[in-house]
Structure formats: structure tokens, C-alpha cells
2 protein chains.
Amino acid sequence: MRGIARLARELGVSTATVSRALNGNPNVNEATRQKVLEAAQRLGYAANQAARSLAQGVTHSVGFMIELDQESTTSTDYFFMGVVEGMQAVLAAHGLDLLVLPCAKSQDNFTFLQRFVSRGAVDGLILAETRRIDRRIDLLKSSDIPFVTLGRSDSGSGYSWIDLDFEGVMATAVERLVRLGHRRIAVTVPSNDANYGAIFAQAYRDNLARHGLDFDEALVFPTRRREDDGDSIVDGILDRPDPATAIILFYEVTAIGIYRRLAERGLKPGRDLSIIGFRREESVRFLMPQVTCFQMSLQDLGTAAARALLAQMPMTVRAFPSGIVQSRVPLSLVPGESDGPVCLREG
Amino acid sequence: MRGIARLARELGVSTATVSRALNGNPNVNEATRQKVLEAAQRLGYAANQAARSLAQGVTHSVGFMIELDQESTTSTDYFFMGVVEGMQAVLAAHGLDLLVLPCAKSQDNFTFLQRFVSRGAVDGLILAETRRIDRRIDLLKSSDIPFVTLGRSDSGSGYSWIDLDFEGVMATAVERLVRLGHRRIAVTVPSNDANYGAIFAQAYRDNLARHGLDFDEALVFPTRRREDDGDSIVDGILDRPDPATAIILFYEVTAIGIYRRLAERGLKPGRDLSIIGFRREESVRFLMPQVTCFQMSLQDLGTAAARALLAQMPMTVRAFPSGIVQSRVPLSLVPGESDGPVCLREG
DNA sequence: ACACCGATTGTAAGCGCTTACAATCGAGGG
DNA sequence: CCCTCGATTGTAAGCGCTTACAATCGGTGT
């Protein structure tokens, strides 16, 4: 005999009483509860997870699905750990375990997710790297499992998401540059299929318009998250009749290549070309002059996502309202020396 | 009625037959199996995880416990993603799910682990950041759950571990520097309580001895994984009667601070001070001159750990021998320009 | 024609826990 | 002193799946 039955026999009570005592059920004599807890402690007993889930119909755990991208492993990860930290803290406070579920880029992320969902392995899900069109969202919507996505998609609106405030970032960046006298502002956008690229690009257009600036397709540079697009960008910006005087980077690392190319051409970042990076990255911290960029708390992003999830989960106590949450976490500007007043030196 | 029973009724067979068909049991008529599979597919059926685990006594999942260090979140993560990728691939090929279990630095990692173990939430475990003395290892040894640690500990030897080949790295580094004429070689070691620090330091002493060099406590610098210990290191090395001419860094980022200080003193890395870094890092890729360092495949580390775990799990098919595995994954030297022949300029 | 056998399927007993419902007991009310 | 009621505990029916064991059936050997 094992498990709860053993404990029960040991104490001369029924398994029901043990179960109640362990689960904080109020219908147990306090003295009895103490005896049970003591014995459980002494025998190192912990309820079997599977049996519990089966009987209760819930797992007390939520999954955070991430995708492992062989190519950019060294980068995305760095992003997630902070986020996971925030999530974990909030979920743990509500008695939920966070399971990070890594999906290899090579396998179909839809099938991967489906397995966990249809098997009832988790009570809730958080998705990362949302696509513009993402079947996973439809899947989750049609199943009845609570979920939150990190990033918006175009898959309708009846669900919760948390995203970065790309619009706010872009508004601040453009306004800052305009104040400094810039009228021709270039931009880099991610070249992958994640939705944030489209959002970032749209925010760029919107904010140019807001300041009465013309949009020029030639000033938009798709980049990957690596430092070596500097040459084409710098040359593309400057070697034209109406060169741009500033650029906003989606990936801050791009600054490295740009700095390099500027140096080769005898130009100085901040004077001959103003540069504003988006999300602050570890590997760029040491670049001089420091890149003006935007910073955020990854932990906050995580806690926001966790809370948005909890808001949909059936539970008795909750420190915040329930329902659908759609919000953008703000980033703050970290001024550097990579931007400055437009340089009046004429080509 | 739901689950397997529904499927069974739908098909006019017993639940036992459905279960057998779904689980690849050979005692099922092939035609029947096809019908079952087709129906399951059609109805989007997948066996309930909890019920399955309860009945079988196994979960088909393994946990990878990592610790979230608020301070170094931005760094360690980057390490894990590659590792997770390797693990996931191997485990998935054996029908196991990998669950990454994040433990907040603030909570007791022993209790955290214990919960998952005693609740039977996973069939196997992989531990990261092993301490010299690590109660978790004793816990796992006394429970009967298969496990592997990333990193050695002093907790006996009857268990599997995978570690980096610190000894090999140090041997190569010292030998390289000795060949270049260096006789006074400094070292930085991590200042935390993980076991690898002690191992690295010991390997340093051993290899100095091997080449007949004296060990000097003053040339050992504890550092954290950040760039700003450069001043004290450079000054500590050079402002002494018998300055060191080379240094081996545990954390490659330390090179950034060192370069900076060297520059301030009008000195050049590779000429006035030879520098060899340990594990190659993203954020140092752009430092000039490039740091000579050691590189490894994080994926390989992950696959090695996963295989070592599988070697202990009860299973019928396995592509490699079972038993305890203790191995070190090698790193390869990436020559840069940060080291060179000892500079004969006399103080 | 009969016992026997392998292939296939069904029956039913759990796996360890939760929980609706019944049972018990002592106290307070009439 | 009997009845009702609240507090506490026990009983037992599942939760959805696996699997040992029994049952069925068509074919074989004699």
C-alpha cells in the first residue's frame, strides 16, 4: 500500500480525511489536520501528480511554448529568460507550475502545441513569437483552454495578448529625431515572418505622416538580427541624392555594422548619422559612442503575460479583474551619444 | 461519455481494443487498428495525459531544472537555449517531452526539485548549475529517478554527469602560452559557488605545474561575469615586480574591461598582454583584436546530457549502452589576435 | 468430429486521488 | 428526554486509461 492510503492507515483515518487535510478543506478538525501534515512531512509524502490531475481535472501547471531557432539561438533565448522569470514568480504565487515547452524549429509548431492541449497536459498556455497568421491561436480559441500570446496576430481579437509598445517606441524615436531637425529618417525592419515586423513598419509610416514627412520605400531596410548589414545600409542611405540623416534600428546589433562602415567612410555616428536602436541588447552595451535605444523590463513582460493568463483561469481568488487583456508594455528611452542635431554639412 | 470510451462506442469495440490500437500493441488486427487511428484522427482524440500516467506509472516526460538568476539573467539564458535544443531533439526522438522547469533564485532549489520528484511529475531529470556540494544530487540518488547533472559535484560518484572539459581547455591554453614564451600566466576564476570555478582553478594549478611554472596566488582574480573588472586585473598584473605577460579568462567578457584598461595605459592586447578567453560569447564577438578563445557546441552538450539520461531509463530500445555516463565535452580553440609571443620590452 | 491453438477482442480490476453523500456524535432547544 | 443541527469523518463512486485474464472464433491435426 502506498500513497495516501499508507498515510491514512498510519494515522488510523480515512483517505478522504487525509486528502481534505492536505488540500486545505475547511471541514477537517484542526487537530486532525496537524497530525496529517506532520505525518506527511515526516514520510516525505506528496500527492501523485497524475492521480490528482485525473481526479480534479486540472493540472495546476501552465505551459510557455517557445521555439528553438537554430540560427538565432544565441539571441532569442536571452530574451526569454527574463520573461520566464517574471512569469514564474506570478504563477508560483498562485500555486501554478510553469513548464517551458521548447519546440524545435524543425518540427511543426501547430502539432507540437496540439499534443499538449489535447492531452490536457496544462491548464493554460502562453505562446511566444506569434505570427501574423497563426493557426495556433485558432486552435487554442476553439479548444477551451485559457491562453495568452506574446505578440499580436491577425487572428481575430477575442483573446488576450501582451506585446511591446512598438507604436510608442516609434512615436518617441521619430519625435526625438524630428526635434533634432531630421527630416529624412530611415528604418530597419526584421526580415522574418513574425508579426512585430509589420507592426514596427506600420508605426514608422504612421509617425512619419504625423510629422508631415514623406515615406520613402528606399529608406526601409530589412535586416536579420546580426551585425553585418552595415555596409549596405550606410551606403544605401548616404549614396543618394537625398540622403537620410537618421536611422531607427529594429535590432540594436545592426549598429555595430553601421558604426564600422561609418568609420570606414570617415564619418561619425551621432554627428553624420543619427542612430536610435530599439531594444537594448547585451552585446551592444560596449559600443562607443553608446547607442541611444529603448529599454524595458523583461520581467515585467513576463508578469504581465502571466497575469493576463490568470485573468482567464477559473479560480476563486484573484488580485485583479478577470477577462481578456490586451496590452502593450512600454519601453523607456536610454539616451546615448549616437544621435544628435542634424549635421548641416552639405554633400 | 468522453475520451477513449467515446471512441470505443463510436467504433463498436471495447476501450481495451482502442487503447491497444493507439499504443501500438501487436495484438490488434491491423484493419481494426487502422479504423481506430482514422477515427482518433477524425475526432481529434489524444489520450489524457494524467490518466495515462496514472495507469502506466510513467509520464513520458523529463524535466530540465534551471535556475533563474536575476542578476545574470541576461547571460546564462543564452547558454541554456542551445543546450535545450540538443536535449529536446534527442528526447523527442525517444518519445519523451522535455519540460524546462525554471526555479527562481529566490526559492530553495532543493524544495523546488523535491516537489517535482515526489509528485512523480517527470520520469527523469537533468540538473544545471551543479554546486560543489549539492543536496539535490543526494535527493535524486535516494529517490530512484534517473538523472544527469550538467557539471560535476563532490557528492559521490555513482551518478551521471556531463561537463565541459575545463581540464582540456586549460591544458591547451597554458601550453599555447608557454610555447609563446610566457612564464608568468594569470587567470580569472568565477566568484560564485558553482563547482566549475574550483575545477577551473585546479586545472590552472595542475597545468602550471606540468610546465614547471610557479603558482602565484596574486595572479588569480575572482571575477563575475561582467566586463568591469578590467582595471583591477590589469593593474594587479602589471604593477608588480614580476608582472604576468598573459592571462586566461574564465569569462570572455572580462576581456572588454581589460582591453579598455590596456588602452588607457597605452598598451596593446596580444603584444603587451596575451589574453585567452574561455567560452566564446556573443557579446565579445565584436571586440578588436579578436579574443583567442574556446568554442563548443551547446547543442552537443545538450544531446550528451539527454543521452546520458536515456542510458538510465528503463526502455526496450536504445541506440547506445545503458548505465552511468560521466563525460566531458571538448572545446576547440578559436585563434584570435589577443595572444602572441611574450613581449621582450623590459619594465 | 474433437481437442487444441493462435489471433483477436472483451471484461473488469486497478492506478492514487478527490468528493458527493451518508453516517456518526455531542450539544442545544423544546 | 427526544429531536435537530453543525461539525467531523467515513464510504464509495468515479476521473480516463492500461492490462492481466478470460472469452470467442476459425482453422488444424488426428
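Lettering follows sequence order; numbering is per chain, from 1.
Dashed line: the shortest gap from a side-chain N or O of Arg20(B) to OP1 or OP2 of dT18(D) is not under 4.0 Å. The side chain of Tyr45(B) contributes no N or O atom lying less than 4.0 Å from OP1 or OP2 of dG16(D). Residue Thr15(A) places no side-chain N or O under 4.0 Å from the OP1 or OP2 atom of dG10(D). Not one side-chain nitrogen or oxygen of Ser19(B) sits closer than 4.0 Å to the OP1 or OP2 atom of dC17(D). A close approach under 4.0 Å does not occur between any side-chain nitrogen or oxygen of Asn29(B) and OP1 or OP2 of dA7(C). An OP1 or OP2 oxygen of dT18(D) is reached within less than 4.0 angstrom by a side-chain nitrogen or oxygen of Asn23(B). Contact annotation: Thr32(A) does not reach the phosphate of dT8(D) (side-chain N/O to OP1 or OP2, under 4.0 Å).
Side chain of Ala16(B), nearest nucleotide from dT19(D), dG10(D), dC17(C): dT19(D). Of the candidate nucleotides dG16(D), dG10(C), dG14(D), dG16(D) has the atom nearest to the side chain of Arg2(B). Nearest nucleotide to the side chain of Thr17(A), out of dC17(C), dT18(D), dT9(D): dT9(D).
Rounded to whole angstrom, the span from the NZ atom of Lys35(B) across to the C1' atom of dT9(C) amounts to 12 Å. Between Leu7(A) atom CG and dC17(C) atom P there is a gap of 9 Å when expressed in whole angstrom units. To the nearest angstrom, P of dC17(C) lies 16 Å from CG of Asn25(A). In this structure, Gln49(B) places its CD atom 15 Å from P of dG16(D), rounding to the nearest Å. Atom CG in Asn48(B) sits roughly 18 Å away from atom P in dC15(C) (whole-Å rounding). One can place CZ of Arg52(A) at 5 Å from P of dT18(C), the figure rounded to the nearest angstrom. Look at CG on Asn27(B): it is 12 Å from C1' on dA20(D), rounded to the nearest Å. Nucleotide dG16(C) holds its C1' atom 14 Å from the CZ atom of Arg119(B), rounded to whole Å.
Along DNA chain D, the nucleotide closest to Ala55(B) and the one closest to Leu54(A) are compared, and the more 5′ of them pairs with Leu54(A). When the nearest nucleotides of DNA chain D are assigned to Ser14(A) and Gln56(A) by heavy-atom distance, the more 5′-ward of the two goes with Ser14(A). Place Val28(B) and Ala51(A) on DNA chain C by their nearest nucleotides, and Val28(B) ends up nearer the 5' end.
Leu11(B) CG to Leu43(B) CG: the interatomic distance, rounded to the nearest 0.5 Å, is 8.5 Å. Taking CZ from Arg136(B) and CZ from Arg131(B), the interatomic distance works out to 5.5 Å, rounded to the nearest 0.5 Å.
If you check every strand for non-hydrogen atoms under 4.0 Å, Val18(A) touches nothing. Residue-level contact check: Gly57(A) touches neither bases nor backbone, having no heavy atom under 4.0 Å from any strand.
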* Determine, step by step, whether Glu38(B) and Gln34(B) satisfy the side chain to side chain donor-acceptor pair (under 3.5 Å) criterion, reporting the C-alpha distance in whole Å, the side-chain angles of both residues, the deciding distance to 0.1 Å, and the verdict. => CA-CA 6 Å; Glu38(B) 181 278 324; Gln34(B) 288 312 324; over 6 Å; no

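The one candidate from Gln326(B), Arg307(B), Gln312(B) that meets the side chain to side chain donor-acceptor pair (under 3.5 Å) condition with Ser160(B) is Gln312(B).
When only modelled atom types and interatomic distance are considered, Asp123(B) and Thr59(B) share a side-chain donor-acceptor pair under 3.5 Å. With no hydrogens or angles considered, no side-chain donor-acceptor pair links Asn48(A) and Arg2(A) at under 3.5 Å.
Side-chain to base pairing of Arg6(B) with dG16(D): no donor and acceptor N or O lie closer than 3.5 Å to each other.
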